[in-house]
Undergrad: 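Structure incoming, see below.
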Amino acid sequence: GQQLNQSPQSMFIQEGEDVSMNCTSSSIFNTWLWYKQDPGEGPVLLIALYKAGELTSNGRLTAQFGITRKDSFLNISASIPSDVGIYFCAGQKAGGTSYGKLTFGQGTILTVHP
Amino acid sequence: GAVVSQHPSWVICKSGTSVKIECRSLDFQATTMFWYRQFPKQSLMLMATSNEGSKATYEQGVEKDKFLINHASLTLSTLTVTSAHPEDSSFYICSASASGGWAFFGQGTRLTVV
(Lines give C-alpha, C1' and ligand atoms only; values in the text may rest on other atoms or scores of the structure.)
Protein backbone atom coordinates (compact mmCIF):
# COMPACT_ATOMS: atom_id res chain seq x y z
CA GLY A 1 0.00 0.00 0.00
CA GLN A 2 0.93 3.65 -0.21
CA GLN A 3 3.48 4.96 2.23
CA LEU A 4 4.80 8.33 3.05
CA ASN A 5 8.50 8.91 2.48
CA GLN A 6 10.02 9.72 5.85
CA SER A 7 13.62 10.71 6.47
CA PRO A 8 16.05 10.21 7.98
CA GLN A 9 15.59 6.54 8.82
CA SER A 10 17.64 6.91 11.98
CA MET A 11 19.43 9.56 13.97
CA PHE A 12 22.08 9.38 16.67
CA ILE A 13 22.42 12.65 18.57
CA GLN A 14 23.80 14.04 21.80
CA GLU A 15 21.52 15.16 24.56
CA GLY A 16 20.67 18.83 24.11
CA GLU A 17 20.85 18.82 20.33
CA ASP A 18 17.95 19.71 18.10
CA VAL A 19 16.40 17.14 15.77
CA SER A 20 14.55 17.52 12.51
CA MET A 21 12.73 14.91 10.46
CA ASN A 22 10.36 15.18 7.52
CA CYS A 23 7.83 13.38 5.41
CA THR A 24 6.82 13.77 1.80
CA SER A 25 4.07 12.29 -0.29
CA SER A 26 3.14 12.16 -3.93
CA SER A 27 -0.50 12.78 -3.04
CA ILE A 28 -2.32 15.35 -0.96
CA PHE A 29 -3.36 14.69 2.61
CA ASN A 30 -5.85 16.85 4.46
CA THR A 31 -4.34 16.16 7.86
CA TRP A 32 -0.82 15.34 8.96
CA LEU A 33 -0.03 13.70 12.26
CA TRP A 34 3.17 12.90 14.10
CA TYR A 35 3.38 9.93 16.47
CA LYS A 36 5.99 8.50 18.81
CA GLN A 37 6.19 4.79 19.45
CA ASP A 38 8.09 3.21 22.31
CA PRO A 39 9.17 -0.45 22.05
CA GLY A 40 6.27 -2.84 22.50
CA GLU A 41 3.70 -0.06 22.64
CA GLY A 42 1.18 1.49 20.31
CA PRO A 43 1.82 4.92 18.74
CA VAL A 44 1.06 8.00 20.79
CA LEU A 45 -0.08 11.16 19.06
CA LEU A 46 2.32 14.11 19.43
CA ILE A 47 1.00 16.76 17.09
CA ALA A 48 -1.89 17.05 14.62
CA LEU A 49 -1.86 19.52 11.72
CA TYR A 50 -5.07 20.50 9.98
CA LYS A 51 -4.30 23.35 7.58
CA ALA A 52 -1.75 23.81 4.83
CA GLY A 53 1.04 26.05 6.10
CA GLU A 54 0.08 25.53 9.73
CA LEU A 55 2.88 25.61 12.28
CA THR A 56 2.08 24.01 15.61
CA SER A 57 4.09 23.54 18.79
CA ASN A 58 3.73 21.15 21.69
CA GLY A 59 6.39 21.86 24.27
CA ARG A 60 9.76 21.17 22.67
CA LEU A 61 8.09 19.82 19.55
CA THR A 62 7.26 21.92 16.50
CA ALA A 63 5.64 20.63 13.35
CA GLN A 64 4.55 22.23 10.12
CA PHE A 65 2.04 21.23 7.47
CA GLY A 66 3.52 21.95 4.06
CA ILE A 67 1.80 24.51 1.87
CA THR A 68 1.32 21.94 -0.91
CA ARG A 69 -0.27 19.47 1.55
CA LYS A 70 2.27 16.91 0.42
CA ASP A 71 4.85 17.27 3.16
CA SER A 72 5.44 17.95 6.82
CA PHE A 73 8.36 18.26 9.21
CA LEU A 74 8.84 17.71 12.91
CA ASN A 75 11.48 19.46 15.01
CA ILE A 76 12.50 18.48 18.52
CA SER A 77 14.51 21.06 20.39
CA ALA A 78 16.98 20.43 23.22
CA SER A 79 16.62 16.64 23.08
CA ILE A 80 16.61 14.59 26.26
CA PRO A 81 17.15 10.84 26.79
CA SER A 82 13.42 10.12 27.05
CA ASP A 83 12.97 11.36 23.48
CA VAL A 84 14.39 8.02 22.35
CA GLY A 85 11.92 6.07 20.25
CA ILE A 86 10.52 5.74 16.78
CA TYR A 87 8.76 8.74 15.28
CA PHE A 88 6.17 8.27 12.57
CA CYS A 89 4.44 10.75 10.35
CA ALA A 90 0.95 9.84 9.19
CA GLY A 91 -1.44 11.34 6.71
CA GLN A 92 -5.20 11.28 6.58
CA LYS A 93 -7.28 12.12 3.55
CA ALA A 94 -10.59 13.97 3.52
CA GLY A 95 -13.57 12.94 5.66
CA GLY A 96 -16.26 10.35 5.19
CA THR A 97 -14.88 6.86 5.50
CA SER A 98 -11.31 8.21 5.67
CA TYR A 99 -11.62 9.45 9.24
CA GLY A 100 -9.09 7.63 11.34
CA LYS A 101 -7.63 5.76 8.36
CA LEU A 102 -3.97 6.61 8.31
CA THR A 103 -1.07 6.14 5.95
CA PHE A 104 2.23 5.95 7.80
CA GLY A 105 5.78 6.91 6.99
CA GLN A 106 8.57 4.39 7.46
CA GLY A 107 9.59 5.89 10.78
CA THR A 108 12.67 7.63 12.18
CA ILE A 109 14.56 5.84 14.92
CA LEU A 110 15.93 8.39 17.34
CA THR A 111 18.79 7.59 19.72
CA VAL A 112 19.90 10.22 22.23
CA HIS A 113 23.26 9.82 23.94
CA PRO A 114 23.48 11.37 27.42
CA GLY B 1 -7.43 11.49 25.31
CA ALA B 2 -9.64 8.50 24.67
CA VAL B 3 -8.54 5.07 25.87
CA VAL B 4 -8.27 2.04 23.61
CA SER B 5 -7.29 -1.26 25.18
CA GLN B 6 -6.02 -4.38 23.47
CA HIS B 7 -5.96 -7.84 24.91
CA PRO B 8 -3.80 -9.80 25.21
CA SER B 9 -0.61 -7.74 25.19
CA TRP B 10 1.31 -10.74 23.99
CA VAL B 11 0.49 -14.31 23.01
CA ILE B 12 2.44 -17.36 21.98
CA CYS B 13 0.61 -20.05 20.05
CA LYS B 14 1.39 -23.23 18.22
CA SER B 15 1.44 -23.33 14.45
CA GLY B 16 -1.96 -24.28 13.06
CA THR B 17 -3.99 -22.90 15.93
CA SER B 18 -6.15 -19.77 15.94
CA VAL B 19 -5.66 -16.68 18.07
CA LYS B 20 -8.18 -13.97 18.92
CA ILE B 21 -7.14 -10.41 19.73
CA GLU B 22 -9.59 -7.96 21.27
CA CYS B 23 -9.70 -4.20 20.83
CA ARG B 24 -11.93 -2.19 23.14
CA SER B 25 -12.73 1.49 23.31
CA LEU B 26 -13.13 2.12 27.03
CA ASP B 27 -14.63 5.60 27.20
CA PHE B 28 -16.18 6.28 23.83
CA GLN B 29 -18.21 4.55 21.16
CA ALA B 30 -16.07 3.54 18.22
CA THR B 31 -18.00 3.46 14.99
CA THR B 32 -14.85 2.48 13.13
CA MET B 33 -11.89 0.39 14.15
CA PHE B 34 -8.71 -0.21 12.23
CA TRP B 35 -6.28 -3.11 12.41
CA TYR B 36 -2.60 -2.66 11.61
CA ARG B 37 0.32 -5.05 11.47
CA GLN B 38 3.88 -4.02 12.21
CA PHE B 39 6.97 -6.14 11.59
CA PRO B 40 10.17 -5.40 13.52
CA LYS B 41 11.72 -2.07 12.64
CA GLN B 42 9.04 -1.40 10.06
CA SER B 43 6.08 0.89 9.78
CA LEU B 44 2.46 0.19 10.54
CA MET B 45 0.58 -1.31 7.62
CA LEU B 46 -3.19 -1.10 7.56
CA MET B 47 -4.81 -4.52 7.30
CA ALA B 48 -8.49 -3.72 7.45
CA THR B 49 -11.15 -1.23 8.43
CA SER B 50 -14.21 -2.37 10.34
CA ASN B 51 -17.43 -0.50 10.92
CA GLU B 52 -19.81 -1.59 13.64
CA GLY B 53 -22.38 -4.03 12.36
CA SER B 54 -20.95 -4.46 8.89
CA LYS B 55 -18.28 -6.50 7.16
CA ALA B 56 -14.70 -5.36 7.37
CA THR B 57 -12.95 -3.81 4.38
CA TYR B 58 -9.59 -5.44 3.80
CA GLU B 59 -6.56 -3.82 2.23
CA GLN B 60 -5.11 -5.33 -0.90
CA GLY B 61 -3.07 -8.42 -0.19
CA VAL B 62 -4.63 -9.18 3.19
CA GLU B 63 -6.40 -12.55 3.30
CA LYS B 64 -9.88 -12.05 4.71
CA ASP B 65 -10.32 -15.75 5.44
CA LYS B 66 -7.13 -15.82 7.45
CA PHE B 67 -7.64 -12.60 9.39
CA LEU B 68 -11.24 -12.65 10.58
CA ILE B 69 -12.52 -9.34 11.90
CA ASN B 70 -15.70 -8.88 13.88
CA HIS B 71 -17.04 -5.54 15.07
CA ALA B 72 -20.21 -6.56 16.81
CA SER B 73 -20.56 -3.61 19.15
CA LEU B 74 -19.53 0.03 19.35
CA THR B 75 -16.85 -0.76 21.89
CA LEU B 76 -15.37 -4.04 20.73
CA SER B 77 -13.67 -5.37 17.63
CA THR B 78 -11.85 -8.67 17.40
CA LEU B 79 -9.17 -9.95 15.06
CA THR B 80 -8.80 -13.71 14.77
CA VAL B 81 -5.70 -15.08 13.12
CA THR B 82 -6.78 -18.48 11.85
CA SER B 83 -4.41 -21.40 11.31
CA ALA B 84 -1.51 -19.27 12.40
CA HIS B 85 1.95 -19.89 11.00
CA PRO B 86 5.35 -18.52 12.03
CA GLU B 87 5.22 -15.89 9.28
CA ASP B 88 2.12 -14.44 10.98
CA SER B 89 4.27 -13.54 13.98
CA SER B 90 4.06 -9.78 14.25
CA PHE B 91 2.90 -6.84 16.33
CA TYR B 92 -0.81 -6.23 15.76
CA ILE B 93 -2.20 -2.81 16.66
CA CYS B 94 -5.76 -1.57 16.59
CA SER B 95 -7.09 1.96 16.54
CA ALA B 96 -10.61 3.16 17.23
CA SER B 97 -12.45 6.19 15.97
CA ALA B 98 -15.73 7.80 16.91
CA SER B 99 -17.88 9.17 14.11
CA GLY B 100 -15.94 11.95 12.39
CA GLY B 101 -13.25 11.94 15.06
CA TRP B 102 -9.66 10.95 15.54
CA ALA B 103 -8.47 7.41 15.88
CA PHE B 104 -6.73 6.39 19.09
CA PHE B 105 -4.36 3.46 19.24
CA GLY B 106 -4.29 0.45 21.49
CA GLN B 107 -1.07 -0.70 23.08
CA GLY B 108 -0.59 -3.51 20.58
CA THR B 109 -0.44 -7.30 20.76
CA ARG B 110 2.77 -9.22 20.16
CA LEU B 111 1.93 -12.53 18.45
CA THR B 112 4.56 -15.25 18.29
CA VAL B 113 3.73 -18.45 16.43
CA VAL B 114 5.99 -21.38 17.21
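Lettering of chains follows the sequences in order, A, B, ..., and the numbering in each one begins at 1.
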Undergrad: For A/Gln9, I'd like to know if atom CD has over 12 heavy atoms of other residues, nucleotides or ligands within 6.0 Å.
TA: no

Undergrad: Check for me, please, whether A/Leu55 and A/Met21 land in the same ILVMFWY cluster - side-chain distances under 4.5 Å, paths through other members count.
TA: no

Undergrad: How long is the gap from CG on B/Leu46 to NZ on A/Lys101, to the nearest 0.5 Å?
TA: 6.0 Å

Undergrad: Side chain, backbone, both or neither: which part of B/Glu59 has a heavy atom under 4.5 Å from chain A?
TA: side chain

Undergrad: Would you mind listing every ring-ring contact (aromatic ring centres under 6.0 Å, His included) that reaches into residues 60-83 of chain B, with sequence neighbours excluded?
TA: none

Undergrad: Considering residues at least two apart in sequence or located in another chain, which fulfil the ring-ring contact (aromatic ring centres under 6.0 Å, His included) criterion with B/Tyr36?
TA: A/Phe104, B/Phe105

Undergrad: Which members of residues 35-46 of chain A, sorted by number, sit under 4.5 angstrom from chain B on a heavy-atom basis?
TA: A/Tyr35, A/Gln37, A/Gly40, A/Glu41, A/Gly42, A/Pro43

Undergrad: Check whether B/Gln38 gets within reach of chain A through its side chain, its backbone, both or neither, counting any heavy atom under 4.5 Å.
TA: side chain

Undergrad: For B/Asp88, what residues pass the salt bridge (charged side-chain N to carboxylate O under 4.0 Å, His left out) criterion, not counting sequence neighbours?
TA: B/Lys66

Undergrad: Any idea which of B/Val4, B/Thr109, B/Leu44 has the most non-hydrogen atom pairs under 4.5 angstrom with chain A?
TA: B/Leu44

Undergrad: Quick check on the hydrophobic clustering: are B/Phe34 and B/Val62 connected, directly or via other members, by side-chain heavy-atom contacts under 4.5 Å?
TA: no

Undergrad: Using the rule that two of Ile, Leu, Val, Met, Phe, Trp, Tyr join whenever any of their side-chain heavy atoms come within less than 4.5 Å, decide whether A/Leu61 and A/Phe73 are in one cluster.
TA: no

Undergrad: Taking NE2 in A/His113 as the centre, count heavy atoms belonging to other residues, nucleotides or ligands within less than 6.0 Å. Is the count above 12?
TA: yes

Undergrad: Would you find a donor on one side and an acceptor on the other, under 3.5 Å apart, between the side chain of B/Ser43 and the backbone of A/Gly105?
TA: yes

Undergrad: Under 4.5 Å between side-chain heavy atoms, counting indirect links through other Ile/Leu/Val/Met/Phe/Trp/Tyr residues: same cluster for B/Trp35 and A/Leu102 or not?
TA: no

Undergrad: Output the distance between atom CD1 (A/Ile86) and atom NZ (B/Lys41), rounded to the nearest 0.5 Å.
TA: 9.0 Å

